[in-house]
Amino acid sequence: SWSQRKRLASIGAPCAVKPDVDNFAKQVADALEGVAYPNDSRITDVVTRKRYGSTASLIIEVGPAS
């Protein structure tokens, strides 16, 4: 329902509408359990950002604990 101009201007801006960003983080942690780590209790750091974009996407980076 946003105009094209408003959509383009919002790309990269923080997105403060539902669903909450912590819900995404929990679902990703649960989904990667047994794939990227044996138990999600092994997760030591999480950085989450929710931004407007031109297309819907979810980017996940998993790396060794440092």
Side-chain angles (χ1 to χ4, degrees):
S1 63
W2 285 9
S3 69
Q4 172 105 2
R5 182 178 177 176
K6 188 173 180 180
R7 278 195 307 268
L8 291 174
S10 69
I11 292 175
C15 178
V17 297
K18 291 193 178 235
D20 300 340
V21 72
D22 60 320
N23 292 337
F24 285 121
K26 181 62 178 158
Q27 290 176 353
V28 168
D30 289 344
L32 291 177
E33 188 169 329
V35 177
Y37 36 76
N39 187 292
D40 63 1
S41 66
R42 306 277 310 262
I43 299 172
T44 58
D45 296 295
V46 176
V47 176
T48 58
R49 292 183 184 91
K50 191 170 67 163
R51 303 278 188 241
Y52 286 106
S54 57
T55 58
S57 62
L58 176 66
I59 301 168
I60 303 165
E61 294 180 22
V62 178
S66 53

Spatial distance of atom CZ (Arg51) from atom CD1 (Ile59) [nearest 0.5 Å]: 12.0 Å
Joint cluster assignment, Tyr37 & Val46, ILVMFWY side-chain distance < 4.5 Å: yes
Ala13 backbone acceptor or donor facing Ser10 side chain under 3.5 Å: no
Worked verdict on Val28 versus Leu58 for side chain to side chain contact (heavy atoms under 4.5 Å, CB included): CA-CA 10 Å; Val28 168; Leu58 176 66; 3.9 Å; yes
Check: Asp20 side chain, Asp22 main-chain N or O, donor-acceptor pair, under 3.5 Å: no
Side-chain (Lys50) to main-chain (Val17) donor-acceptor, under 3.5 angstrom: yes
Gap between atom CZ of Arg7 and atom OG of Ser1 - 0.5 Å precision: 9.0 Å
Salt-bridge criterion met for Asp40 and Lys26 (N-O under 4.0 Å): yes
Joint hydrophobic cluster, Phe24 plus Ile60, side-chain heavy atoms closer than 4.5 Å: no
Linked, directly or transitively: Trp2 and Ile11 (ILVMFWY side chains, under 4.5 Å): no
Closest contact, heavy atoms only, Pro38 versus Arg42: CG-NH1, 3.5 Å
